[in-house]
Amino acid sequence: MNTPNFLTVLRVLLAFLTAVLLCAPFRFAATAAFIVYCAAGATDWFDGYLARRRNIVTTFGKFMDALSDKIMVSTAFLTLFALGMFGGQTGIALFCAVISMSREFFVSGIRMLAASKGIVLAAERMGKYKAGFQMYSLGAVICAKALDADFSAGGSLLCETVFFSAIATLALSTILSVCCLLYTSPSPRDRQKSR
């Protein structure tokens with residue numbers, strides 16, 4: 001397994017570790033969860049960067065990169081909802097999560113249909129922006145939790161700013177999720193055999 005693909009798989013393991021740490025009862029567990037989550041998010045950039053730089057883009061990498069993003073986001077959503085970390089914004093967050101996750105299943109279905117015809121669909125640029133905003137929003141919720149639980153900063157301007165920036169970017173990522181559906185179609189370069 002090459003380095004980019006290793007980082008892609010590592011992202012899934014780090015996503016699970018983030019969920020475990022958020023549920024852990026010891027102090028600074030939330031801060032540790034935030035750090036691990038940031039590390040997981042960083043692999044999303046590094047795996048693609050290394051694959052392109054070293055020209056080792058593979059079909060496995062294309063599939064796993066998209067899949068690991070979905071696993072990371074889904075795991076974070078489920079954990080944050082289970083722990084009630086969206087607070088008074090749970091309704092808005094749930095609406096955004098349902099729209100975003102529905103879009104992910106829809107796109108996954110299209111990718112499977114394309115794969116059955118020998119076409120590999122890589123993530124489009126707008127999809128990458130959507131994923132970036134989504135990952136930031138979930139990370140910001142975890143950060144707000146860490147500020148509250150580990151540093152007694154709950155209710156502070158910093159904590160409130162971080163939390164509401166999470167809700168704003170979550171809404172933005174949901175809008176992009178819907179817009180991405182308009183661009184989910186195979187292109188000539190997607191038909192080429194690469195990462």
Side-chain angles (χ1 to χ4, degrees), residues 1-24 28-54 57 60-83 85-86 89 93 96-97 99-101 103-104 107-108 122-151 158-159 161-177 180 195:
M1 179 180 290
N2 59 47
T3 303
N5 289 344
F6 171 77
L7 290 174
T8 299
V9 174
L10 178 63
R11 182 153 69 253
V12 175
L13 299 178
L14 292 177
F16 293 154
L17 179 58
T18 299
V20 170
L21 288 170
L22 283 172
C23 297
F28 294 114
T31 299
F34 175 67
I35 294 171
V36 171
Y37 181 87
C38 289
T43 66
D44 188 34
W45 183 83
F46 277 113
D47 60 3
Y49 171 77
L50 290 175
R52 290 186 298 272
R53 182 181 175 86
R54 299 180 181 179
V57 180
F60 173 83
K62 279 188 175 181
F63 274 114
M64 278 305 300
D65 184 52
L67 182 59
S68 63
D69 286 350
K70 290 177 176 59
I71 293 173
M72 179 179 173
V73 170
S74 298
T75 300
F77 267 132
L78 290 172
T79 305
L80 299 186
F81 280 123
L83 298 176
M85 289 173 58
F86 284 104
Q89 304 301 319
C96 291
I99 296 296
S100 296
M101 292 298 99
R103 180 263 177 193
E104 298 301 339
V107 171
S108 294
E124 295 292 338
R125 180 169 302 222
M126 189 181 294
K128 286 292 186 180
Y129 289 140
K130 180 270 303 177
F133 283 123
Q134 204 168 53
M135 287 182 184
Y136 169 84
S137 67
L138 296 170
V141 173
I142 297 173
C143 180
K145 172 66 176 178
L147 289 171
D148 180 23
D150 299 333
F151 300 98
L158 174 61
C159 189
T161 300
V162 169
F163 180 77
F164 283 103
S165 73
I167 302 303
T169 50
L170 180 58
L172 179 57
S173 72
T174 303
I175 294 171
L176 290 177
S177 290
C180 283
R195 179 182 169 172

More than 12 heavy atoms of other residues, nucleotides or ligands under 6.0 Å from NZ of K145: is that the case?
no
CZ on F60 to CG on N2, rounded to 0.5 Å
9.0 Å
With distance as the sole test, does T75 use its side chain to make a donor-acceptor pair with the main-chain N or O of M72 at under 3.5 Å?
no
Spell out, as yes or no, whether a donor-acceptor pair under 3.5 Å connects the side chain of Y37 to the backbone of M135.
yes
From CG (N5) to OG (S68), nearest 0.5 Å
10.0 Å
For the CG atom of D47 and the CZ atom of R52, what is their distance to the nearest 0.5 Å?
8.5 Å
Taking all heavy atoms of T174 and all of C96, pick out the closest pair and write down the distance.
OG1-CB, 3.1 Å
Could you tell me if the side chain of C38 sits less than 4.5 Å from the side chain of I35, heavy atoms only?
no
Residues C159 and A144: closest non-hydrogen pair is SG-O, 3.5 Å
Tell me, yes or no, whether the heavy-atom count around F81 atom CZ, taken from other residues, nucleotides or ligands under 6.0 Å, exceeds 12.
yes
Min side-chain heavy-atom separation M85-L22 under 4.5 Å:
yes
I'd like to know if the side chain of S74 reaches the main chain of I71, judged simply by a donor and an acceptor atom lying under 3.5 Å from each other, with no hydrogens or angles considered.
no
So how far is it from K70 NZ to R103 CZ, rounded to the nearest 0.5 Å?
6.5 Å
Non-hydrogen side-chain atoms of D44 and D65 separated by less than 4.5 Å
yes
Contact summary for L14 and V36, nearest pair of heavy atoms:
O-CG1, 3.4 Å
Checking the side chain of S165 only, and the main-chain atoms of V162 only, is there a donor and an acceptor separated by less than 3.5 Å?
yes
Tell me, do L147 and F163 make a side-chain contact under 4.5 Å, heavy atoms counted?
no
What's the shortest heavy-atom distance between D150 and A29, and which atoms?
OD2-N, 4.1 Å
Close side-chain approach of F16 and V20, heavy atoms under 4.5 Å:
no
Quick one, T3 and R54 - any side-chain contact, counting heavy atoms below 4.5 Å?
yes
In this structure, is the centre-to-centre distance between the rings of F34 and F28 below 6.0 Å?
no
Correct closest heavy-atom pair for L176 and F133 would be CD1-CD1, 3.6 Å
Has F46 got more than 12 heavy atoms of other residues, nucleotides or ligands less than 6.0 Å from its CZ?
no
Between CG on residue L158 and CZ on residue F151, distance to nearest 0.5 Å
10.5 Å
Heavy-atom side-chain proximity of D69 to R11 below 4.5 angstrom
yes
Could you tell me the separation between the OG atom of S100 and the CG atom of L170, rounded to the nearest 0.5 Å?
6.5 Å
